[in-house]
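Structure first, commentary second.
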Amino acid sequence: MDAYRTEVEILSPRDTGDRKRAADFLLARSLELEDDIELTVLVQYDSIPAASASLAGNIIKGVAVDPALEGEGFAALAVSRVLAEAANRGRNLLRVFTSPKNEAIFTSLGFRRLAASGDDAVLLESDPRAFGRWAMDARAGFDALVPPLTWVQAAPRQSGAGDIPPSYGIGSVVVNCNPFTLGHRSLIERAAARCRRLLVFVLEADKSSFPADVRLRLVREGTADLQNVAVINSGPYLISEATFPTYFLKEKSRSTAIHARLDVTLFASRVAPALGIEARFMGTEPYCEVTKLYNSLIKEILPDCGLAAEELPRVEAEGRAISASSVREALRKGDWKGLEVLVPKTTMAYLRSPEAVTVIEAIAAGSGRH
Amino acid sequence: MKLRRTMLYVPGNNSGMVKDAHIYRSDSIMFDLEDSVSLREKDSARLLVFNALKTLYYGEIEKVVRVNTLDGPFGREDVLAMVAAGVDAIRLPKTETVDDIVQVEKVVVEAEKRFGRVPGSTKLMAAIESAKGILNAREIALASPRLVAIAIGAEDYVTDLHTTRSPEGTEIFVARSLLVMAARAAGIMAIDTVYADVNNEDGFSREVRLAKQLGFDGKSVIHPLQIPIVNAIYTPTKTEVEKSLRIIAAIREAEERGSGVISVDGRMVDKPIVERALRNLELARASGIEINEEVRS
Amino acid sequence: MRITQTAAAGTLESSDVLITVEPEADASVHIDIEGASAARFGEQIRAVVAETLAGFGVVACRVRLQDKGALDCTIRARLSAALLRATDEAGPISWETLK
């Protein structure tokens with residue numbers, strides 16, 4: 001690469017001209033400029049666009065190269081500049097979701113793979129030590145909430161469970177809880193009975209009607225009596241679909257499946273071993289297609305990594321499985337009577353509180369699934 | 001006599017370019033801390049150029065650094081660092097008045113004292129990039145004994161004029177001429193502006209020829225490939241070399257005769273002609289032409 | 001000089017080095033070198049890093065270098081920039097004492 005003929009520009013999507021140039025370059029490679037992009041680095045050679053890379057939060061997206069100019073280091077240069085721009089904004093830990101064919105560019109820039117989704121996508125992170133640091137912190141946090149010897153004191157027994165000893169040292173449940181229902185309670189309670197200690201991850205991404213901090217709090221309040229249960233935020237290594245870019249996927253229709261596989265693979269291959277998790281519990285899913293997909297992937301991928309995947313039947317109320325969406329539906333209709341068999345007292349207390357008014361109004365007004 | 005046929009522009013934050021710049025054997029290298037460096041990287045670029053100047057060997061090539069203007073947060077520190085590092089010349093961008101030169105010279109004087117450099121060893125260059133600056137060129141060129149060259153920055157200049165650049169350069173013709181006049185009146189050099197289209201060799205050659213014809217001593221270049229083109233155009237012709245040698249011979253002969261009058265081919269030769277002859281031989285030598293005569297400037 | 005925040009300088013372009021400096025709780029210096037040259041020039045790079053840190057009086061930090069073939073003077077420059085960005089204590093630089 002002749003540095004004297006190479007020009008690097010930072011394009012801002014807020015400027016119409018810049019936006020068009022960034023979008024045009026991606027369009028020529030059948031890719032899209034996503035809405036959350038904050039800046040695009042465009043590398044030009046002899047005034048001809050050669051490669052681009054974009055930044056959205058701490059995610060690198062929109063990595064593209066003119067095929068005629070591949071192999072010259074232009075993509076690496078673009079990504080390198082994105083890293084510099086991100087560092088200037090105080091973001092030192094970056095991720096990239098990309099197609100496997102681009103992996104080498106990122107590896108040469110110090111990124112390390114976190115997980116792959118078949119042959120469709122890879123997730124890499126810019127600092128190889130970040131995961132280890134997170135795992136150490138998470139483990140320490142878990143031990144502080146539920147010290148390892150807790151099971152000796154108070155492993156809860158469900159009625160009829162008798163003297164069945166815990167099957168697992170550490171088990172896990174991953175939930176959204178939008179909001180926390182009796183269904184969630186039952187799942188967690190049954191899972192906790194099967195483990196010495198249970199780690200409940202509450203998804204952080206704020207695409208749900210109930211804000212993340214409220215959801216976490218309701219789960220904690222609703223399980224406070226379960227001594228061997230620790231409830232924590234999902235953290236950066238359970239991947240929210242909200243942040244998963246699809247620009248590079250050939251078949252956009254498969255993006256949910258690809259994302260789910262990536263998330264479950266990361267859980268099984270890195271998160272679970274690092275935290276000593278032996279099993280993941282989930283409730284059967286009669287309605288939501290995405291959750292059904294997740295469950296089947298969990299059952300497929302976890303055993304390959306030496307982990308148990310346990311699907312427990314959903315609890316019913318009045319003949320129907322209890323779900324968070326049925327709660328939101330009841331709120332939409334103002335059916336407070338119906339709510340009483342769906343949520344525990346702790347959640348009900350919140351729903352009736354002034355704090356919940358705006359959230360419930362939004363649910364009543366909106367028609368979104370979430 | 002220092003030749004400044006080519007001044008290679010090197011972005012100051014680019015490590016690869018900074019370390020390799022000497023390979024291309026321009027007469028001067030201008031490490032840029034100004035327009036080619038983003039605001040957030042000013043501190044880093046300054047340190048990079050500082051360390052490079054202190055450590056790396058650039059041979060006979062003149063080391064020039066284009067600092068940021070002194071009315072911003074970066075210029076003063078740039079000057080201090082570069083003088084400490086042993087720069088040959090500080091190039092001040094966007095020079096408009098004599099006071100601009102006076103201000104930068106103050107910092108240079110302070111820096112030379114602080115860092116133990118020979119007083120006066122740091123030269124200055126002024127880039128003029130606005131109408132006001134061009135109109136003040138005559139005074140600017142005389143503003144300091146350290147000032148060795150003035151240059152025109154055409155991009156900003158034409159913007160200031162509310163026009164755009166054309167291949168023929170009609171819009172900067174007067175500015176170019178004024179700049180050369182100011183330089184000559186002050187006895188310093190005039191450097192022409194950059195030519196951005198790296199792939200257009202014909203266009204570039206034409207512009208260099210024009211600049212030479214106007215009297216410019218050299219040109220700023222943004223790509224190494226431009227260097228040999230400029231050098232070739234500034235190489236004296238065989239005829240010019242021979243004539244210059246005859247003039248030098250005539251000087252020697254006049255000295256031996258003890259006469260103050262120098263004549264060549266029956267005609268009197270005065271100081272400007274002699275100086276041109278010396279310049280031509282210097283240019284010829286730099287182009288690799290063998291000059292067997294001893295030339296005394 | 002105390003390192004109080006994470007900061008970086010340099011790039012991953014050829015002949016350069018990207019240096020990230022982080023605060024370190026214990027009073028020691030940790031140096032991580034990545035890149036093709038780590039194996040061959042690790043010793044030399046560490047020496048340059050140590051010398052530069054000493055020059056700034058930094059006794060506790062973590063330094064991550066992603067090297068793309070940088071010369072010693074580049075490593076010094078980028079590390080100096082990162083250190084100065086990573087501290088709140090940076091007063092005026094004494095250019096005469098900077099190596």
Side-chain angles (χ1 to χ4, degrees), chain B residues 10-23 31 33 36-58 63 65 67 73-87 90 107-108 110-118 122, chain C residues 1 3 5-21 35-37 41 44-45 47-49 51-53 55-56 58 63 65-99:
Chain B
V10 175
N13 200 36
N14 188 310
S15 181
M17 292 165 88
V18 165
K19 86 168 189 4
D20 289 335
H22 65 288
I23 294 173
F31 299 95
L33 300 177
S36 70
V37 179
S38 68
L39 291 175
R40 300 212 211 228
E41 297 301 322
K42 296 286 188 194
D43 59 333
S44 194
R46 181 188 302 134
L47 280 159
L48 187 67
V49 176
F50 170 78
N51 276 281
L53 289 178
K54 282 199 72 169
T55 318
L56 303 179
Y57 180 66
Y58 289 96
K63 299 167 300 195
V65 174
V67 299
F74 309 110
R76 188 188 139 82
E77 202 66 27
D78 289 344
V79 176
L80 292 174
M82 297 307 126
V83 173
V87 74
I90 299 273
V107 185
V108 171
E110 178 197 334
E112 279 179 347
K113 204 187 304 179
R114 211 162 102 182
F115 305 122
R117 284 194 58 183
V118 173
T122 314
Chain C
M1 188 170 85
I3 302 301
Q5 60 242 24
T6 300
T11 74
L12 291 165
E13 299 167 35
S14 180
S15 302
D16 205 343
V17 56
L18 177 61
I19 298 186
T20 310
V21 167
S37 52
F41 301 112
Q44 192 178 327
I45 295 175
V48 172
V49 170
E51 192 190 359
T52 308
L53 290 174
F56 280 98
V58 171
V63 181
L65 294 95
Q66 291 164 264
D67 181 43
K68 293 290 176 186
L71 296 177
D72 286 357
C73 62
T74 302
I75 296 175
R76 265 194 288 274
R78 297 320 199 180
L79 179 54
S80 301
L83 290 170
L84 290 165
R85 288 173 176 179
T87 185
D88 292 324
E89 295 168 27
I93 299 177
S94 37
W95 294 100
E96 61 272 27
T97 58
L98 260 194
K99 288 269 166 287

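Letters A, B, ... are given to chains in the order of the sequence lines, protein chains preceding strands, and every chain is numbered from 1.
Annotation: side-chain hydrogen bond (donor to acceptor under 3.5 Å, both in side chains) contacts of C:Asp16 (sequence neighbours excluded): C:Thr11, C:Arg78.
Residue B:Gly12 comes nearest to B:Val49 through the heavy atom pair O-CG2, 3.6 Å, listed as atom of the first residue, atom of the second, then distance.
Put simply, of C:Pro92, C:Cys73, C:Ala81, the one with the most heavy-atom pairs under 4.5 Å next to chain B is C:Cys73. Counting heavy-atom pairs closer than 4.5 Å to chain C, the top-ranked of the candidates B:Asp43, B:Leu56, B:Leu80, B:Thr55 is B:Asp43.
For C:Glu96, the parts sitting under 4.5 Å from any heavy atom of chain B are the backbone and the side chain alike. For B:Ser44, the parts lying near chain C are the backbone and the side chain together; criterion is any non-hydrogen pair under 4.5 Å. Using a 4.5 Å cut-off between heavy atoms, C:Ile93 touches chain B through backbone and side chain atoms alike. Both the backbone and the side chain of C:Thr74 come within contact range of chain B, with heavy atoms under 4.5 Å apart. Of the two parts of B:Asp20, neither the backbone nor the side chain holds a non-hydrogen atom closer than 4.5 Å to a non-hydrogen atom of chain C.
Side-chain contact check for B:Ser15 and C:Glu13: no donor-acceptor pair (N or O, by modelled atom type) lies under 3.5 Å.
Taking CG of B:Asn51 as the start and CD1 of C:Ile75 as the end, the distance is 11.0 Å to the nearest 0.5 Å.
Taking 4.5 Å as the limit, some side-chain heavy atom of C:Gln5 sits within range of a side-chain heavy atom of C:Asp88.
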Stepwise ring-ring contact (aromatic ring centres under 6.0 Å, His included) check, C:Trp95 with B:Phe50: CA-CA 9 Å; C:Trp95 294 100; B:Phe50 170 78; 4.8 Å; yes
